[in-house]
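All values below were derived from every heavy atom in this structure, side-chain atoms included, with hydrogens, water molecules and symmetry-related copies excluded.
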Number of protein chains: 2
Amino acid sequence: MTTSAVASSDLSPRKRRFREQMHQAREDAIVQAVNRLLAEKGFESMTVDEVAYEVGIAKASLYKHFPSKEHLAAAAMVRILEQTLAHLDGLDDALPPLDKLKSVTQWAMRVHLRGEMPLLPSENSSLRATLMGHQAYLDLLIQVSDRLGEWIEQAQANASLHSGLPPIVVLYTLFARACDPVLGFMKASGQFSDEQIVTLVLSTCFDGLT
Amino acid sequence: MTTSAVASSDLSPRKRRFREQMHQAREDAIVQAVNRLLAEKGFESMTVDEVAYEVGIAKASLYKHFPSKEHLAAAAMVRILEQTLAHLDGLDDALPPLDKLKSVTQWAMRVHLRGEMPLLPSENSSLRATLMGHQAYLDLLIQVSDRLGEWIEQAQANASLHSGLPPIVVLYTLFARACDPVLGFMKASGQFSDEQIVTLVLSTCFDGLT
DNA sequence: GTCTATACTAGGATAGAC
DNA sequence: GTCTATCCTAGTATAGAC
């Protein structure tokens, strides 16, 4: 019996759990770093070296956890979608659907302004391929879309949302607001507080410019 | 006297003009290719090799015209800003300011949908440095911003545009609509014609979702 | 100012020891 | 599963002939 076999399977249940927790904690740290770097520089400008440096481990160790840069990005997307879903779950069910939609949008904009919204290029094809083959990502994306889709239809039914717009257009518009470069421009201008930005952009999104 | 001196300065005025036209035509071809590739893949994913291949010249020849990849991108931005300015100049001066703003926005969205809107990452720092040092680019950006800014203030004065919004927020919002990923999403969904997309997004932008 | 050929570097990924 | 050291490709940029 090899030492590695001893290390991996001859441990007490308590020690095994401890190992798994350590493992999980490290992966969380990795994904969090990836998330931050994606928010700051985007996928192409983020380097795996930076990720490794930020986490404080060797690059080769990263690749034991995730097989490619694309999978790192996918993990960050899974993380943000899980957080989104958690936010949706936390909303008071009694709220009118329009208010729920506004609440998610506000939450997403705040995440963005905190520098924690991972931004992916829609063009990059190797990244797209990985995402489209990533079951957990796809499942979460569908879950979030379905939840929002329901609220959109309810809001259109009670006329609080313009019913001439195809629901998918509303959905895309809300998704896009979470990544809107306008948030960054306004922040960079230094003329507005984060909460002012949220208020103003929420208003342009739902009420329009006119 | 060297042959290169002969080639460059001992020509008749007619031949000199011809040379300059050829030179200009080639640069136009380069910038047009850059523009298209920036629209398709963005700055980081565009390679200088591709540009050279698309234009049909050697990569080294590109570098005789433009000193760096960043300068290629800057030239594409100058080009699109010139076209924007041309569109602004072409508008009927009698139009209400709000209609002028809508017209530019529509025009920009159509350019985007045709795959001719160069998309630059706001994060990339070497690119930012080049742009901020590029006088022609800065001048044009200011010209466009000023023209739009006037119309925004006029539209707010005659109450056709919501006057609670700082003009700069309206300006950023209009700029962002030209690059909005929503356009790409809707096009990719295959459910809408380009003109439907323009109409729908123009509506969400000016009238809001509610 | 165009070409071919090449220099140089960044960055994604892996080998192999422990 | 962590490390150090290395591989290797892609991609920006240049040298030097014509």
Side-chain angles (χ1 to χ4, degrees), chain A residues 2-11 15-16 18-30 33-34 37-38 41-75 124-127 129-130, chain B residues 2-11 15-16 18-30 33-34 37-38 41-75 124-127 129-130:
Chain A
T2 71
T3 49
S4 76
V6 168
S8 65
S9 60
D10 279 3
L11 292 170
K15 283 185 180 169
R16 172 88 64 89
F18 179 74
R19 288 249 165 141
E20 279 162 9
Q21 277 179 13
M22 285 296 91
H23 183 87
Q24 189 57 45
R26 192 133 27 206
E27 294 211 338
D28 285 351
I30 294 170
V34 169
L37 286 167
L38 283 179
K41 354 185 30 162
F43 181 72
E44 325 271 358
S45 297
M46 175 186 85
T47 71
V48 179
D49 288 278
E50 284 171 323
V51 177
Y53 175 80
E54 184 133 328
V55 180
I57 64 178
K59 183 160 58 163
S61 305
L62 268 190
Y63 279 95
K64 298 283 178 179
H65 290 273
F66 299 93
S68 73
K69 183 184 179 185
E70 283 75 15
H71 284 82
L72 284 174
N124 188 304
S125 56
S126 73
L127 180 55
T130 298
Chain B
T2 69
T3 49
S4 75
V6 169
S8 66
S9 60
D10 279 1
L11 291 172
K15 281 187 182 169
R16 170 90 64 88
F18 179 74
R19 288 251 165 142
E20 280 162 8
Q21 276 178 16
M22 286 294 91
H23 183 86
Q24 189 56 45
R26 190 134 26 208
E27 293 210 340
D28 285 351
I30 294 171
V34 170
L37 285 166
L38 283 179
K41 357 188 22 162
F43 180 74
E44 325 271 359
S45 298
M46 175 187 85
T47 70
V48 179
D49 288 278
E50 283 172 324
V51 178
Y53 175 81
E54 185 135 328
V55 180
I57 64 178
K59 185 161 55 166
S61 305
L62 268 191
Y63 279 95
K64 298 282 177 178
H65 291 272
F66 299 93
S68 73
K69 183 183 177 183
E70 283 75 15
H71 284 82
L72 283 174
N124 188 304
S125 56
S126 73
L127 180 55
T130 299

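Rounded to whole angstrom, the span from the NE2 atom of B:H23 across to the C1' atom of C:dG1 amounts to 9 Å. The separation between B:R16 atom CZ and C:dG1 atom C1' is 16 Å, rounded to whole Å. Atoms OH (B:Y53) and C1' (C:dT2) sit 19 Å apart, rounded to a whole Å. Going from atom CG of A:L37 over to atom P of C:dG12 covers 12 Å, rounded to whole Å. Put simply, CG on A:L62 is 12 Å from C1' on D:dG1, counting in whole angstrom units. Regarding A:I57, its CD1 atom lies at a distance of 14 Å from the C1' atom of D:dT4, rounded to whole Å. The distance between atom CD of A:E27 and atom C1' of D:dG1, rounded to the nearest whole Å, is 11 Å.
Considering only the side chain of B:H65, C:dT2 comes nearest among C:dT2, D:dC3, D:dT2.
Scanning for side chain to side chain donor-acceptor pair (under 3.5 Å) contacts around B:T130 gives an empty result, with sequence neighbours left out. Applying the ring pair (Phe, Tyr, Trp, His ring centres under 6.0 Å) criterion to A:H71, with sequence neighbours excluded, gives no partner residue. Under the rule for a side chain to side chain donor-acceptor pair (under 3.5 Å), the partners of A:Q24 that lie at least two apart in sequence or sit in another chain are A:D28. Under the rule for a side chain to side chain contact (heavy atoms under 4.5 Å, CB included), the partners of B:E54 that lie at least two apart in sequence or sit in another chain are B:A33, B:R36, B:L37.
Side-chain nitrogen and oxygen atoms of A:S61 include at least one within less than 4.0 Å of the OP1 or OP2 phosphate oxygen of D:dC3. Dashed line: the shortest gap from a side-chain N or O of A:R19 to OP1 or OP2 of D:dG1 is not under 4.0 Å.
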Can you give the donor-acceptor pairs under 3.5 Å from side chains of residues 56-65 of chain B to other protein atoms, not counting sequence neighbours?
from  : atom 1 : to    : atom 2 : distance (Å)
B:K59 : NZ     : B:D49 : OD1    : 3.3
B:K59 : NZ     : B:D49 : OD2    : 3.4
B:H65 : ND1    : B:E27 : OE2    : 2.9

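The CZ atom of A:R16 lies 6.5 Å from the CD atom of A:E20; values are rounded to the nearest 0.5 Å.
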Between the protein and nucleotides 10-17 of chain D, list the N/O to N/O atom pairs that are separated by less than 3.5 angstrom.
from   : atom 1 : to    : atom 2 : distance (Å)
D:dT12 : OP1    : B:K69 : NZ     : 3.2
D:dT12 : OP2    : B:V48 : N      : 2.9
D:dA13 : OP2    : B:Y63 : OH     : 2.7
D:dA13 : OP2    : B:K69 : N      : 3.0
D:dA13 : N6     : B:K59 : NZ     : 3.3

